[in-house]
Amino acid sequence: MDWIPRNVLILLLVALALVILPHVVRLPVWITLLCISCCAWRIMVFRGHWSYPRKWVKALFVFGGFLSVGFGYGTLLGLEPWIAALILAFVLKLLEMHQHRDAHTVIVLAYFVALTEFLFEQSIPYMLYIYACITVITAALIGLNQEAANVSLQQAMKKASVMLLQAMPLMLVLFVLFPRIAPLWTVPLQTNIARTGVTDRLAPGNIAQLVQSDELAFRATFEGPVPSSRQLYWRGIVLSYFDHEDQAWTQQRPGVYGPTLQSKDGEVPWKDNMEYLGDEVKYSIVMEPTNQNWVFSLTLPKAEGAGRMGLVRDFRFYSLQKINAKFRYELTSYLDNRMDITLSDFWRYRYTLLPDDDNPKTSELAGSLRASSDTPEEYMSNVMLYYATEGFVYTLRPPTLDGDTIDEFLFNSRRGFCEHFASSFVYLMRAGGVPARIVVGYQGGEYNRRGNYVAVHQFDAHAWSEVWLEGRGWGRVDPTSVVSPERIESGLESAVEGEFLSDIGLSLMKFRSSLIITELRLQLSALNHYWDAWVVGYSPSVQMSMLNRYLGELNRQTLGMILVSVFFGMLGFTALLLLLRRSQHKLAPADREYLKFCRYLANQGLARSMGEGPISYARRVVTLRPELATSVDAVTDAYIRANFIDDRPEDVDTLRKAVRRVRLSVLAGA
């Protein structure tokens, strides 16, 4: 038999729809329509209304499909175009699926298409969905290899479910023990995918739009006590160049930073220009993908053991590869520290540089405040006093600023968000001859007691200032804390009551006052955190750290020996179970009832001989016990009918009743 059973074809069509469905939101509309057309054509062939398409029709589908990929994505290179091409090959193969070989090819393609969804999503709901897809595909494979022409859908699905569950222990062992190695290649995500996150350009309005998002940025788990909210300043980007035309702060050019401090590289000249003071804070972070190189950390992080990350010249952590997937890393920070104890003339010039003839009112204000201050520290205090006493307001809906935006904010609107205060403060510092820069990242976070971690969301995005003072180095100064201390102490929601997440229609974060909803949200968040930390983020360093913790110091050779031993041990155990199960032959209901009859007579001294047939045994029993003739003959006749003639359920019931009458006859004779 080489034709495809009807129920197998149904399973294949269902599997096709399931594996393509998650990709629909990323596919161009023309590719989606082409997939629907191919499936509809195959269904019509299945129902006998249409015939298989001719060669020129197939060629038209192929040409149109790959043309849609090119025009839909603008290129044939990249992750999403390749996956779209794979999906096209998958659905087009349906139009020429005649024999078992074609069906096997479609099943293999279905497995590949299902697994490609993990390139975009690795959450628990998607994992369960893909597991269901794999079950349907495996059921189709089982049905395709059954001998019966009309394979039961229920039986195929049941067998597929059992097989996948049986494979779980071995899968878990391989996942935990198999050496994790970095991929030999990387598949970049499309750079035009919109992802929420902080940006490397700060202008009035940027972060005011970002804070209206409740998406997760990262989760941080601490070893020991969690620092207070006022200490949780997550540094990400340092902005030190002010663009006069755009009135925006940007990063220095990469060449200015110099070499990166990494554990595997040699020492850099500026390594001795920093000091780690106080107690260390150890923590791990599971970061959401940003398609950028910056990563987030507290000050001052150590670079030892960072692997793919390094500390750059402005003392922020930087990833050597773009974060295209969830990324777990471990750090040690010293919240009490000194950065750039001494500052060269070059960097003094860089961090006090301002455009000429820009924001004249601000420059005049800086001149008057600096003239009335004896030291840079006093000047900084006077500027902070200016924010505290001149009626500044912290709001998520600041007015639009035109022209010289610093002047407009300081002297006209006086309503703004953290970016307005940080930008104007750094400008005033530089105008007074004090080196200063802007740091963009996140501040605070929500502590989840269920998972013992701090969840940092996009609405926690924040901008603050760093000022360099003689003998102290760079120190954090947050002018927002003067205008709105609630933002630093209690979070954004406390600072902007009524404006928090006002642009989002439905968000569980809005219902923090409800204990039930908050508890449910924290429980789900904790579950996702453990999944991200120990499954999605199970990197080579995490694997070795966990195994060393529970198994002692291990090397790759020892780990390989443990893996091989466990693997063959499980194979031996499985083989033993199969042998034991094979030796236990399952009896038919009629045989089971007849053996009960034989065991009962054996207890009466009428044991059945080895190889003795039912009729011969009945004759011998009747000869020895004539009073049992009627009941014994009834059992024998019922057994022969149930086992060799009709094989109906009611015959088994008749046999069961006849066996009971034998017992009653013996009791009556006794």
Side-chain angles (χ1 to χ4, degrees), residues 196-215 217 228-240 242 247-251 294 296 298-299 316 362 380 383-384 386-388 390-401 405-406 408-410 413-430 436-446 456-467 474-503:
T196 308
V198 298
T199 65
D200 56 356
R201 182 179 180 276
L202 184 65
N206 276 10
I207 296 185
Q209 298 169 4
L210 177 64
V211 294
Q212 295 300 297
S213 170
D214 64 347
E215 292 186 14
S228 63
S229 179
R230 69 171 68 92
Q231 295 177 299
L232 295 179
Y233 279 83
W234 306 96
R235 301 174 91 247
I237 311 170
V238 176
L239 309 179
S240 55
F242 186 76
Q247 294 287 296
W249 294 90
T250 58
Q251 297 186 86
W294 52 70
F296 300 96
L298 301 174
T299 55
R316 61 185 172 85
T362 303
M380 183 174 63
V383 171
M384 296 290 278
Y386 179 81
Y387 284 109
E390 293 298 324
F392 285 89
V393 177
Y394 184 88
T395 176
L396 293 182
R397 301 186 182 279
T400 304
L401 304 177
T405 56
I406 305 296
E408 285 290 316
F409 171 67
L410 288 176
S413 72
R414 294 184 176 177
R415 298 174 61 84
F417 188 55
C418 61
E419 62 180 15
H420 298 80
F421 295 104
S423 176
S424 59
F425 180 83
V426 170
Y427 199 99
L428 282 168
M429 289 293 102
R430 291 192 174 193
R437 61 194 183 189
I438 295 176
V439 181
V440 178
Y442 299 91
Q443 195 280 323
E446 181 185 40
V456 180
H457 298 83
Q458 296 298 348
F459 57 72
D460 293 314
H462 192 55
W464 61 95
S465 310
E466 285 184 345
V467 177
W474 291 104
R476 181 176 63 245
V477 181
D478 192 349
T480 302
S481 63
V482 176
V483 180
S484 178
E486 299 87 359
R487 168 64 183 89
I488 310 303
E489 296 291 339
S490 304
L492 182 66
E493 185 178 10
S494 300
V496 289
E497 187 176 355
E499 296 181 11
F500 181 67
L501 298 179
S502 58
D503 295 337

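Numbers here simply count residues along the sequence, with the first being 1.
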Visitor: Which atom names give the shortest non-hydrogen contact between Glu466 and Val439, and what distance separates them?
Guide: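 For Glu466 and Val439, the tightest heavy-atom pair comes out as CD-CG2, 3.5 Å.
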Visitor: Can you label the angle between the Phe425 ring and the Tyr387 ring as parallel, tilted or perpendicular, going by 30° and 60°?
Guide: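 Rings of Phe425 and Tyr387: tilted, 30 to 60°.
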Visitor: Please assess Phe417 against Thr480 for the test side-chain contact (heavy atoms from CB on, under 4.5 Å), listing each intermediate value before the final yes or no.
Guide: CA-CA 8 Å; Phe417 188 55; Thr480 302; over 6 Å; no
Visitor: What is the minimum heavy-atom distance between Leu239 and Trp249, and which atoms define it?
Guide: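 Nearest heavy atoms, Leu239 then Trp249: CD1-O, 3.7 Å.
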Visitor: So, Arg414 side chain and Glu390 main chain: donor-acceptor pair closer than 3.5 Å or not?
Guide: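 At least one qualifying donor-acceptor pair exists.
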Visitor: Would you please classify the geometry between the Tyr233 ring and the His462 ring as parallel, tilted or perpendicular, with 30° and 60° separating the classes?
Guide: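 Tilted.
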Visitor: Can you tell me how far CD of Gln443 sits from CG of Leu232, rounded to the nearest 0.5 angstrom?
Guide: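 These two atoms lie 7.0 Å from each other.
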Visitor: So which atom in Phe409 and which in Ser424 form the shortest heavy-atom distance, rounded to 0.1 Å?
Guide: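 Between these two residues, the closest heavy atoms are CE2-OG, 3.6 Å.
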Visitor: Roughly how far, to the nearest 0.5 Å, is CD of Gln458 from CD of Glu215?
Guide: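 These two atoms lie 6.5 Å from each other.
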Visitor: If you measure from CD on Glu408 to OG1 on Thr400, what distance do you get to the nearest 0.5 Å?
Guide: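 Going from the CD atom of Glu408 to the OG1 atom of Thr400 covers 11.0 Å.
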Visitor: Mind checking whether Phe296 and Tyr442 have parallel, tilted or perpendicular rings, split at 30° and 60°?
Guide: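 If you compare the ring of Phe296 with that of Tyr442, the planes turn out perpendicular.
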Visitor: With rounding to the nearest 0.5 Å, note down the distance linking OG1 in Thr250 to CD1 in Ile237.
Guide: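 If we round to the nearest 0.5 Å, Thr250:OG1 and Ile237:CD1 are 11.0 Å apart.
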Visitor: Within this structure, what is the CD-CZ distance for the pair Gln231 and Arg476, rounded to the nearest 0.5 Å?
Guide: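 The distance works out to 8.0 Å.
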Visitor: In Å, rounded to the nearest 0.5 Å, how long is the span from NE2 of His420 to CG of Leu202?
Guide: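 Between atom NE2 of His420 and atom CG of Leu202 there are 9.0 Å.
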Visitor: Would you name the heavy atoms of Ser465 and Ala422 that are closest together and state the gap between them?
Guide: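 Residues Ser465 and Ala422, closest heavy atoms: OG-O, 3.6 Å.
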Visitor: With distance as the sole test, does Gln247 use its side chain to make a donor-acceptor pair with the main-chain N or O of Thr405 at under 3.5 Å?
Guide: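 Indeed, once roles are kept as given, a pair shorter than 3.5 Å links the two residues.
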Visitor: Quick one: does any side-chain atom of Arg430 pair with a main-chain N or O of Ala436 as donor and acceptor, under 3.5 Å?
Guide: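 Looks like yes, one N/O pair under 3.5 Å.
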